[in-house]
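First the structure, in the form of structure tokens, and then the observations on it.
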Amino acid sequence: MLAFILLAIYLISVLCAPLLGTAEAAGAAVLEGAEEAVRFCLGICGAICLWSAVLELLERGGLAGALAGLLRPVLRRLFPRAAADREILSALTENVSANLLGLGNAATPAGIRAARGMARQSGGQPSDELCRLVVLNTASLQLLPSTIAAVRASAGAASAFDILPAVWFSSLCSVSAGLLATSLLRRLWP
Amino acid sequence: MSALLAMTAPLLIGAVMLWAALQGVDLYEAMLAGAKKGLQLTSEILPALLVLFPALWLLRASGLPGLLGQGLAPLLSALGVPTETGLLMLLRPISGSAALGAAAEIIGRCGPDSLPGRTAAVMLGSSETTFYVVAVYFAAAGVRHSRWAIPAALCADLVCFLSSAWICRLLWG
């Protein structure tokens with residue numbers, strides 16, 4: 001998919017640039033892009049490492065476990081069938097709390113364990129709850145979007161985290177829309 | 001209040017360190033391990049961006065996005081979405097690193113505190129790489145049909161983009 005998009009971008013740009021009179025700029029652009037990629041990564045590297053260090057503290061301190069207690073009642077409502085199984089419920093809470101904390105490396109394995117458990121429950125069929133879990137994971141739940149804050153900081157933002165309220169609002173809208181869509185579409189897709 | 005907001009980062013880090021110390025975490029060793037993971041993450045991003053940035057820069061220099069932007073601009077501005085974010089919205093569900101690259105390009109070109117720069121950051125921070133997540137979960141669960149998962153997830157993405165644009169306009173427009 002991405003390979004196709006890349007190829008299309010190159011072919012279309014090369015064809016269009018002479019027609020639009022931008023051949024010279026286009027000729028220089030490729031190398032500029034490569035240079036910029038290195039500069040960009042160096043720029044965000046420091047902030048990403050610092051936030052990873054802080055996240056490691058949260059992970060080792062067991063904040064995910066503390067969050068899980070708060071999440072369990074909500075998850076029981078969203079996934080009644082899966083929550084009946086102790087193992088799946090613990091994978092689910094681990095998945096959602098790791099997502100909230102931005103621990104992507106921990107969230108995916110836990111989510112996969114939950115998805116496998118659900119598939120086992122439904123005999124390999126895509127159950128409503130499995131689809132709901134996937135939709136919940138495609139709508140980002142992250143409380144502290146540290147990568148994009150690092151990008152803003154390296155570009156010289158006055159306050160890299162001042163977008164937080166907007167990110168939370170938008171995440172909330174998107175999760176609600178995803179859950180609403182699942183309960184509507186469920187009826188149309190047997 | 002503004003002093004507090006300006007100090008978000010050190011306050012947050014200090015609070016987390018205090019909390020972790022109370023939990024009996026070995027602070028220095030844990031932070032070293034975390035920083036190492038950060039280096040690893042950056043080194044995983046870099047090759048993808050080295051491939052993607054030249055293509056994005058070439059596309060931008062060709063003048064085509066400007067032309068397409070003029071075509072799409074009426075629709076996007078009628079919806080209250082900055083026209084600069086068009087490409088980002090298209091790439092977001094497909095590839096995480098391509099979307100990060102597109103957002104970084106907008107933030108660099110328009111400025112991190114500009115409306116398009118802020119909108120791009122909020123869009124990226126509040127969404128996920130939809131197709132990747134769907135593919136990973138269904139493949140891992142061994143389930144072939146994803147039923148309504150993709151339409152529902154794309155619907156959530158669309159709402160995410162629109163609400164990002166609107167809240168940014170409300171707060172910083």
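Computed from heavy atoms alone, side chains included, the values below leave out hydrogens, waters and symmetry copies. Proteins get letters first, then strands, A, B, ... in listed order; numbering begins at 1 in each.
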In Å, rounded to the nearest 0.5 Å, how long is the span from [atom1] of [X] to [atom2] of [Y]?
X         : Y         : atom1 : atom2 : result
Ser62(B)  : Leu15(A)  : OG    : CG    : 10.5 Å
Ser126(B) : Leu164(A) : OG    : CG    : 11.5 Å
Ile48(A)  : Ile45(B)  : CD1   : CD1   : 4.5 Å
Tyr132(B) : Thr138(A) : OH    : OG1   : 13.5 Å
Leu11(B)  : Phe161(A) : CG    : CZ    : 12.0 Å

What residue in Ser171(A), Ala119(A), Ala177(A), Pro145(A) has the most heavy-atom pairs under 4.5 Å with chain B? Ser171(A)

Let's test your reading of the structure: which of Ala155(A), Pro126(A), Ala26(A), Ala181(A) forms the most heavy-atom pairs below 4.5 Å with chain B? Pro126(A)

Atom group of [X] that falls short of 4.5 Å from chain B, counting heavy atoms:
X         : value
Ser183(A) : neither
Asn95(A)  : side chain
Leu180(A) : neither
Thr147(A) : side chain
Leu20(A)  : side chain
Leu184(A) : neither

Quick one: list whatever passes salt bridge (Lys or Arg N to Asp or Glu O under 4.0 Å) with Asp128(A), sequence neighbours left out. Arg186(A), Arg147(B)

What is the minimum heavy-atom distance between Ala166(A) and Ile167(B), and which atoms define it? CB-CG2, 3.8 Å

Checking heavy atoms, do the side chain of Leu46(B), its backbone, both or neither come under 4.5 Å from chain A? both

So do the side chains of Leu50(A) and Ile13(B) get within less than 4.5 Å of each other, counting heavy atoms only? yes

Chain B neighbours within residues 27-44 of chain A, where any heavy atom lies under 4.5 Å away: Ala29(A), Val30(A), Glu32(A), Gly33(A), Ala34(A), Glu36(A), Ala37(A), Val38(A), Phe40(A), Cys41(A)

Acceptor/donor pairs from residues 106-116 of chain B side chains to any protein atom, 3.5 angstrom cut, sequence neighbours excluded:
residue: Arg109(B); atom: NE; partner: Glu105(B); partner atom: OE2; Å: 2.9
residue: Arg109(B); atom: NH2; partner: Glu105(B); partner atom: OE1; Å: 3.2
residue: Asp113(B); atom: OD1; partner: Arg152(A); partner atom: NH2; Å: 3.0
residue: Asp113(B); atom: OD2; partner: Ala158(A); partner atom: N; Å: 3.0
residue: Ser114(B); atom: OG; partner: Cys110(B); partner atom: O; Å: 3.0
residue: Ser114(B); atom: OG; partner: Gly111(B); partner atom: O; Å: 2.7
residue: Ser114(B); atom: OG; partner: Gly117(B); partner atom: N; Å: 3.1

Among Ala20(B), Ala21(B), Ala104(B), Ala55(B), the residue with the most heavy-atom pairs under 4.5 Å to chain A is Ala55(B)

Going by atom type alone, with no hydrogens or angles, which donor-acceptor pairs under 3.5 Å involve a side-chain atom of residues 22-40 of chain B and a protein atom two or more places apart or on another chain?
residue: Glu29(B); atom: OE1; partner: Arg60(A); partner atom: NH1; Å: 2.8
residue: Lys37(B); atom: NZ; partner: Glu56(A); partner atom: OE1; Å: 2.9

